[in-house]
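Scroll down for the structure; my scribbles are underneath it.
Note on naming: letters A, B, ... go to the chains in the order of the sequence lines (proteins, then strands), and numbering restarts at 1 for each one. Just so it is clear, the structure is predicted and the values come from calculations on it, not from any experiment.
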2 protein chains.
Amino acid sequence: MHSGRVASRSAEPRDPRESRNGGGPHLDAVSLAIIEQLQEDGRRPYAAIGKAVGLSEAAVRQRVQKLLDQGVMQIVAVTDPLTVGFRRQAMVGVHVEGDVEAVADALGAMDECEYVVMTAGSFDLMVEIVCEDDDHLLEVINRRIRAVPGVRSTESFVYLKLKKQTYMWGTR
Amino acid sequence: MHSGRVASRSAEPRDPRESRNGGGPHLDAVSLAIIEQLQEDGRRPYAAIGKAVGLSEAAVRQRVQKLLDQGVMQIVAVTDPLTVGFRRQAMVGVHVEGDVEAVADALGAMDECEYVVMTAGSFDLMVEIVCEDDDHLLEVINRRIRAVPGVRSTESFVYLKLKKQTYMWGTR
DNA sequence: TTGACTGTTGCGGATTTCGCAGAGTCGGGC
DNA sequence: GCCCGACTCTGCGAAATCCGCAACAGTCAA
């Protein structure tokens with residue numbers, strides 16, 4: 001038995017919402033190892049994960065369930081949008097006047113908006129847009145985004161080719 | 001009956017634009033539906049997926065396996081990097097002189113580089129960097145990226161707050 | 001020490017995954 | 001027209017996995 005695994009720092013301050021962002025609660029080494037296993041293969045059996053991290057199958061299952069419930073991680077299929085029929089993507093840098101966070105929320109409410117991040121630099125926000133074709137992209141950028149109150153100006157970077165896209169955070 | 005769903009390929013007039021997706025494999029409506037199911041829950045049982053898309057369990061399993069083998073999709077756990085201990089991220093716009101694709105490959109070879117895309121606009125490349133702390137980020141941007149031959153200049157956008165991050169392409 | 005709490009383990013039954021053989025369809029070559 | 005190969009779907013039995021539950025172990029506070 002790998003019972004040397006005592007899970008000392010087990011008591012995590014339960015803050016289901018804090019895991020969203022801000023100074024998130026720290027995951028212990030075991031949960032991190034579980035996440036790494038699932039980043040390699042999201043369908044890996046619990047027993048195999050347990051063997052790799054030194055836990056029983058049931059323990060892994062409960063930890064995974066909690067990580068999912070807390071929103072710390074999600075297990076999903078990811079694809080290259082181009083392969084799935086979305087032929088136009090763009091990164092859009094946004095200059096904001098006023099409440100940046102409010103604008104970010106407004107942009108994030110759009111379906112075509114895949115990714116929203118507040119940044120330091122010459123842009124206040126960067127958003128990734130996924131569209132079906134040129135007309136769709138044009139409409140989203142010129143009519144929808146610029147119509148949001150607080151958006152002063154935008155700069156678009158249309159995707160020509162996706163070269164790398166990994167999901168291996170923490171596995172280094 | 002679900003059996004009406006057979007021989008889908010024959011009824012599918014090949015979309016000429018499909019051939020523009022980097023020579024990738026073409027996806028029919030059924031595979032697309034399977035992907036959507038797995039985007040909602042990467043661990044959903046094959047039988048449940050089959051019921052949803054009108055296929056047998058075994059057929060779903062084979063198609064999923066093929067999609068994975070072909071690299072069309074991957075089933076993975078995704079997390080908010082901040083939660084997993086990577087406290088500094090940045091989007092970096094890169095101006096390139098010479099072979100853009102070669103530079104993209106070089107940047108993509110870096111572990112800290114999570115995302116590389118060739119763009120049209122004032123940047124030739126945009127890369128997302130995931131680091132552990134400020135020193136790490138500084139080193140990656142100032143020493144590693146700018147040391148790549150062909151990189152003329154860069155502009156960094158340090159992440160302040162991740163507002164939205166979804167993986168629901170095609171499920172709208 | 002006691003008691004509350006959290007996390008882990010072990011186990012049985014239901015469910016799912018897996019591998020394989022058979023049947024149907026489509027398209028090419030003769 | 002006919003046969004053949006490639007491909008995909010289906011059905012099914014065996015093996016592995018998932019899931020819920022009750023009991024056990026460790027931590028912390030009173």
Side-chain angles (χ1 to χ4, degrees), chain A residues 1-19 24-35 37-38 40-77, chain B residues 1-15 18-19 24-35 37-38 40-77:
Chain A
M1 270 303 157
H2 324 78
S3 51
R5 167 82 269 120
V6 236
S8 47
R9 243 172 324 289
S10 57
E12 297 179 27
R14 319 191 52 213
D15 264 64
R17 313 200 53 216
E18 211 181 15
S19 55
H26 336 88
L27 308 170
D28 62 22
V30 181
S31 289
L32 219 52
I34 292 176
I35 291 176
Q37 292 288 317
L38 289 171
E40 290 177 18
D41 175 6
R43 272 182 170 261
R44 184 162 297 172
Y46 293 133
I49 298 173
K51 208 159 300 179
V53 307
L55 238 56
S56 72
E57 176 265 348
V60 172
R61 174 158 38 94
Q62 290 175 157
R63 288 179 92 122
V64 167
Q65 194 55 53
K66 197 168 75 170
L67 290 172
L68 294 174
D69 290 341
Q70 290 178 164
V72 174
M73 77 173 177
Q74 39 186 332
I75 300 176
V76 295
Chain B
M1 292 305 288
H2 337 96
S3 48
R5 180 66 261 157
V6 284
S8 52
R9 273 170 329 301
S10 60
E12 198 103 16
R14 165 108 59 255
D15 188 335
E18 274 184 357
S19 55
H26 27 67
L27 303 175
D28 60 18
V30 181
S31 289
L32 220 51
I34 292 175
I35 292 176
Q37 292 288 318
L38 289 170
E40 289 177 19
D41 176 7
R43 273 182 170 259
R44 185 163 298 171
Y46 294 132
I49 299 173
K51 211 158 299 182
V53 307
L55 238 56
S56 72
E57 175 267 343
V60 172
R61 176 157 39 91
Q62 294 172 63
R63 290 180 90 124
V64 168
Q65 193 56 52
K66 199 169 75 171
L67 289 171
L68 295 174
D69 290 341
Q70 291 175 331
V72 174
M73 76 171 178
Q74 39 184 332
I75 300 176
V76 295

Base-contact (B) and sugar-phosphate-only (S) positions in nucleotides 11-17 of chain D, heavy-atom cut-off under 4.0 Å, - elsewhere | B------
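- Taking atom CD on B:Gln65 and atom C1' on C:dC20, their separation rounds to 16 Å, with Å as the unit.
- Remark: C1' of D:dC7 and CD of B:Gln70 are 13 Å apart, rounded to the nearest angstrom.
- In terms of heavy-atom proximity, A:Gly42 sits nearest to A:Ile75 at O-CG2, 3.6 Å.
- For B:Lys66, the side-chain atoms get nearest to D:dT8 when compared with the rest of C:dT9, D:dC9, D:dT8.
- The nearest pair of heavy atoms linking A:Leu55 to A:Arg63 is CD2-CD, 3.7 Å.
- Distance check, rounded to the nearest 0.5 Å: CZ of B:Arg43 to OH of A:Tyr46 gives 4.0 Å.
- Here the straight-line distance linking atom NZ of B:Lys66 with atom CZ of B:Arg61 works out to 15.0 Å at 0.5 Å rounding.
- Checked against side-chain contact (heavy atoms from CB on, under 4.5 Å), A:Ala48 has the following partners two or more places apart in sequence or in another chain: A:Arg44, A:Pro45.
- Considering only residues two or more places apart in sequence or on other chains, B:Gln74 meets the side chain to side chain donor-acceptor pair (under 3.5 Å) condition with none of them.
- What separates CG of B:Leu68 from C1' of C:dT17 is a distance of 14 Å, to the nearest Å.
- Considering every non-hydrogen atom in both A:Met73 and A:Ile35, the closest pair reads SD-CG1, 3.9 Å.
- Taking B:Ser56 as the reference, nothing meets the side chain to side chain donor-acceptor pair (under 3.5 Å) condition, with sequence neighbours excluded.
- The separation between A:Arg63 atom CZ and D:dC19 atom C1' is 19 Å, rounded to whole Å.
- The interatomic distance linking A:Ile34 (CD1) with C:dG7 (P) rounds to 12 Å, in whole Å.
- Following rounding to the nearest Å, B:Lys51 (NZ) and C:dT16 (C1') show an atom-to-atom distance of 12 Å.
- The terminal axes of the helix from C:dT1-D:dA30 to C:dC30-D:dG1, fitted over 5 pairs per end, subtend an angle of 30° to the nearest 10°.
- Taking every heavy atom of both residues into account, B:Val53 and B:Ala33 meet most closely at CG1-CB, 3.6 Å.
- Spacing between atom CG of B:Asp41 and atom P of C:dT16 amounts to 12 Å, rounded to whole angstrom units.
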